[in-house]
Visitor: 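First, the structure itself, so that you have it in front of you.
We use all heavy atoms of the structure for the numbers below, so side chains are in, but hydrogens, waters and symmetry mates are not.
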Amino acid sequence: MLSDDSEIEVRRFEKEGVEKCIVRFNKESESFELEDLTINETFQFDDIDLVAMEIYELIQ
């Protein structure tokens, strides 16, 4: 996501065919936005490691 050229990159994560979250990276602000689809909330992060931990929790 960090090396792509587009302004906003989007990745979707699922478990057993059920979408759990969507992660967007905004290159301009260098921030990550994680949309938790299980509870319909969105969280902002500035560190990719924190995003990875949240994704792991959702798909475990």
Side-chain angles (χ1 to χ4, degrees):
M1 290 180 89
L2 296 173
S3 63
D4 290 340
D5 292 334
S6 61
E7 189 74 23
I8 296 179
E9 286 296 314
V10 178
R11 298 290 187 269
R12 300 175 183 276
F13 295 89
E14 62 181 48
K15 180 179 181 179
E16 297 174 357
V18 177
E19 200 170 67
K20 296 291 184 175
C21 68
I22 300 171
V23 177
R24 295 176 187 86
F25 176 68
N26 186 332
K27 206 169 231 181
E28 186 176 301
S29 67
E30 294 186 5
S31 66
F32 296 89
E33 181 179 274
L34 183 137
E35 183 178 350
D36 185 341
L37 300 175
T38 60
I39 60 172
N40 293 325
E41 284 195 45
T42 303
F43 305 95
Q44 296 285 335
F45 297 95
D46 60 354
D47 186 358
I48 195 167
D49 294 330
L50 297 174
V51 176
M53 289 189 297
E54 290 294 323
I55 294 168
Y56 180 78
E57 289 290 322
L58 287 169
I59 62 175
Q60 185 173 357

Visitor: First locate atom CD of E57, then atom CG of D36, and finally report the distance between them rounded to the nearest 0.5 Å.
Guide: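 The distance works out to 11.0 Å.
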
Visitor: With side chain to side chain contact (heavy atoms under 4.5 Å, CB included) as the test, pick out the partner of F13 among I22, V23, L37, L58.
Guide: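 Considering I22, V23, L37, L58, a side chain to side chain contact (heavy atoms under 4.5 Å, CB included) with F13 is found only for V23.
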
Visitor: How long is the straight-line distance from CG of N40 back to OG1 of T38, given to the nearest 0.5 Å?
Guide: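 So the OG1 of T38 and the CG of N40 are separated by 8.0 Å.
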
Visitor: Any non-hydrogen side-chain atom of K20 less than 4.5 Å from a side-chain atom of E14?
Guide: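 No, side chains not in contact.
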
Visitor: Side-chain heavy atoms under 4.5 angstrom apart, residues restricted to Ile, Leu, Val, Met, Phe, Trp, Tyr: same cluster for F45 and I39?
Guide: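 Yes, one cluster joins them.
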
Visitor: Which heavy atom of F32 sits nearest a heavy atom of D46, and at what distance?
Guide: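 The answer is CD1-C, 4.5 Å.
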
Visitor: For the atom pair CD1 (I8) and CD (E33), what is the distance rounded to the nearest 0.5 Å?
Guide: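 If we round to the nearest 0.5 Å, I8:CD1 and E33:CD are 8.5 Å apart.
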
Visitor: Just by modelled atom types, is the Q60 backbone N or O under 3.5 Å from a matching donor or acceptor in the K15 side chain?
Guide: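 Side chain of K15 to backbone of Q60, a donor-acceptor pair under 3.5 Å: yes, one is there.
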
Visitor: What distance separates F25 CZ from E30 CD, expressed to the nearest 0.5 Å?
Guide: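 Nearest 0.5 Å value for the CZ-CD distance: 5.5 Å.
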
